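Below, chains carry the letters A, B, ... as their sequence lines are ordered, and counting in each starts from 1. Since we're looking at a predicted model, the values are computed, not measured.
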2 protein chains.
Amino acid sequence: MQRPTIKTIAQETGLSIATVSKALKHSPQVRPETRAIVIEAAERVGYELNMHGVQLRTGKTYQVAAIMTAPGPKQNEWEGVEYAQLLSGISWALEDSPYRVSLYAVRNFEESQAVIKQIVSLKKADGIIISGTRADDPRIRTMQAADFPFVTYGTSIHNAPHAYVDADNEQMIRVSMARLTERGHRRIALLNPLSDLSYGITRLEAYRHALDVAGLPYDPALVAHGRLTPAFGRENVLTMSELSNPPTAYICANEASALGAFSGFHERGLVHGRDAVINATDDLNVSQYFAPPITTYYLPISEPSSLLGAYILRRMEGEPPEALQTLLMPNLIERCDDRLNPNR
Amino acid sequence: MQRPTIKTIAQETGLSIATVSKALKHSPQVRPETRAIVIEAAERVGYELNMHGVQLRTGKTYQVAAIMTAPGPKQNEWEGVEYAQLLSGISWALEDSPYRVSLYAVRNFEESQAVIKQIVSLKKADGIIISGTRADDPRIRTMQAADFPFVTYGTSIHNAPHAYVDADNEQMIRVSMARLTERGHRRIALLNPLSDLSYGITRLEAYRHALDVAGLPYDPALVAHGRLTPAFGRENVLTMSELSNPPTAYICANEASALGAFSGFHERGLVHGRDAVINATDDLNVSQYFAPPITTYYLPISEPSSLLGAYILRRMEGEPPEALQTLLMPNLIERCDDRLNPNR
DNA sequence: ATGCACGATAAAAACGTTTAACTTTCTTGT
DNA sequence: ACAAGAAAGTTAAACGTTTTTATCGTGCAT
């Protein structure tokens, strides 16, 4: 038994395939009574739209490409794991639409650039979602030049306007720094993502500004940029804690590096709260299980991910990018008092 | 300027589109010289195969559906994060093929069942990859009944034969238990996944068998089943450590629950190595950053994931499932001596 | 010379849908 | 009563492939 097509319905109802097609997509050209007949027949024969026909005819793919930059296959680090939740969040946001998430895993920035060029020029998707945005991101420029719908997870600094979702890194660092300086800290380390990433820059600027406000000097030795793995957190604690004037607080850009920082504490015999404290940004609600639990800025990953999905849908509908820009402020969850220990 | 099609090449070369099509797919019906002309023209005009035409004509989708069971959107736990790496591994394995990974995020088992039925009956993909297999898995039966190509991450017990990749849980538990009993442990807790999952059953059976071999009694109070979140690890340590005869070793099924177990230790004032030890299975190389680092069975997630990709390709080629079954033995990484502390 | 098989290419149909252009019927205003 | 126009359907073409079938020379045996 063959799968029914609009032709089947046409025969079944005695109408032409054109009318059937129009009826099914609620064209005003067909009378409500006729539509009812078509709908009934469609249900009776178990009709389901065949996307391949639609795709060929209309050129639409009904695919949203999610570009996922993950380290090479031989790399097995706790990095980019929040992608799983991000993807499922996007996927759920598209659930009631005809769109599907099509995954493009790339190893690095260059590869993502190439993949995006291909998707755009060969129209392998109708929309693109990327992350890991840079201050001036050539991928964004590619998509903008082709007028291709996209949303970024992360802002860019020089490519506005475009649709984006991000955590409010500026505010987060500002609040975080104010809170720590208020509690007596004068040597605060910043464990930052790779320096070409837009949010790395935002965080660094906010950090420096906060230092200014607090009247504290900027010490480059307290700032590190790198891939946010546990190894990164660990190694920086190991080196920074050996400074003649070591930091009394570490601000980690994610949970992975915070975990690594703890590992560094353990190695050096440092005790959290006594010798120094760790604050982090947390997407996965995992910092509460650290020993001890730490203060975090918690943004449930489901929020940005469902926004990304919603935004790409609206962007593909033609909504202007200016209306699709959101900075989300994570929740401050204080699990330690984080005061500077005076007799350290 | 329009995107070139085989028609473009046909005009360019003076051949018919049929010949062009055949030439491009290396049909023996066309002379090598003719083929060369076609290839040359194709490159000159920058021809790229339009999949929509192919899909409509052949009915193939060139999509591999990856079913990803992740907890609902409102749940923001560290769970299933290894999926990110799994997906990218699969995606890379398909890189040189025309296939793409199409993501289907589902909330629970029932939903995955429905989604799979749909993919199979409407042929929305050419192959399926699932995980979270059960002892007798109705999804597998669905796909088998329709003779639909699939590979599972995880074994099933009653649905053989089918293509699968999994860690060798039986051996892992056997070795793990032998090692711990050898070191004096007589109260060993097992933090297991949900009891309907196939690997949960395998692990439990291996555990009970190992107890028998060691002449130790089976105590249900030392076995827990649940979703492998940090919360799960933590709560079980909290309750089990209060037993009159508490465990001196915990075997955790993943890193998330191991992290939670540590959190439980901290809460109860237990010290790893003194009061009890934790062993875990680790996909993401993260246990080395625990304080202290723990002994783990480490299986880089890239291995099973690239196998999954390779297997689904071969399965779609028609290779019989019996040839596509692999159990991978994780590497034992001893980071503690894990001996029972006699004066605990 | 005639017929035949074969090799190489061309013609045409088909996959399922959308949509521009056309036809028919009905309504309406004069 | 009739033209004009709207409403509701139909016809036919088109999207880019693959594949079955047809065509056309050419070489070969008879």
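In this structure, CZ of B:R57 is placed 8 Å from C1' of D:dT17, rounded to the nearest angstrom. In this entry the distance linking CD of A:Q29 with C1' of C:dT23 reads 13 Å, nearest Å. Between A:H26 atom NE2 and D:dA8 atom P there is a gap of 16 Å when expressed in whole angstrom units. The interatomic distance linking A:L56 (CG) with C:dT19 (C1') rounds to 14 Å, in whole Å. A straight line from NZ of A:K60 to C1' of D:dG16 spans 19 Å, rounded to a whole angstrom. The distance from atom CG of B:N50 to atom C1' of D:dT18 is 13 Å, rounded to the nearest whole Å. At whole-Å resolution of the value, NZ in B:K25 and C1' in D:dT18 are 7 Å apart. A straight line from NE2 of A:H52 to C1' of C:dA14 spans 15 Å, rounded to a whole angstrom.
Of the candidate nucleotides D:dT10, C:dA12, D:dT17, D:dT10 has the atom lying nearest to any side-chain atom of A:A18. Listed nucleotides C:dT9, D:dA14, D:dT18 differ in distance to B:L15; the shortest reach to its side chain belongs to C:dT9. Picking from C:dT18, D:dT17, D:dT19 the nucleotide with the shortest atom distance to the side chain of B:V54 gives D:dT17.
Two end axes, each from the C1' atoms of five base pairs, can be drawn for the helix from C:dA1-D:dT30 to C:dT30-D:dA1; they diverge by 60°, to 10 degrees.
Look at B:T5 and you won't find any side-chain N or O under 4.0 angstrom from OP1 or OP2 of D:dC15. An OP1 or OP2 oxygen of D:dT18 is reached within less than 4.0 angstrom by a side-chain nitrogen or oxygen of B:S21. When the side-chain nitrogen and oxygen atoms of B:S16 are compared with OP1 and OP2 of C:dA11, none of them lie within a distance under 4.0 Å. Regarding contacts with the backbone of D:dG9, a side-chain N or O of A:R31 is found under 4.0 angstrom from either OP1 or OP2. Phosphate proximity of C:dA10 to B:T19: present, with a side-chain N or O under 4.0 Å from OP1 or OP2.
Counting all heavy atoms, side chain and backbone alike, B:Q113 lies closest to B:R139 at CG-CG, 3.7 Å.
Residue-level contact check: B:E33 touches neither bases nor backbone, having no heavy atom under 4.0 Å from any strand. Across all strands shown, B:L49 has heavy atoms under 4.0 Å from sugar-phosphate atoms exclusively, and none from any base.
Between A:H162 and the choices A:Q144, A:R141, A:R315, the side chain to side chain contact (heavy atoms under 4.5 Å, CB included) rule is met once, by A:Q144.
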What do the steps show when you test A:E95 against B:R107 for salt bridge (Lys or Arg N to Asp or Glu O under 4.0 Å), and what is the final call? CA-CA 12 Å; A:E95 194 164 43; B:R107 283 172 248 296; 2.7 Å; yes

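Nearer to the 5' terminus of DNA chain D, by closest-nucleotide assignment, is the contact made by A:P32 (compared with the other of A:P32 and A:I17). Comparing B:K22 and B:Y47 against DNA chain D, the residue whose closest nucleotide sits nearer the 5' end is B:Y47.
Side-chain contact, B:Y311 with B:T326: a donor N or O sits under 3.5 Å from an acceptor N or O.
When the shell of 6.0 Å around NZ of B:K117 is examined, it contains 12 or fewer heavy atoms from other residues, nucleotides or ligands.
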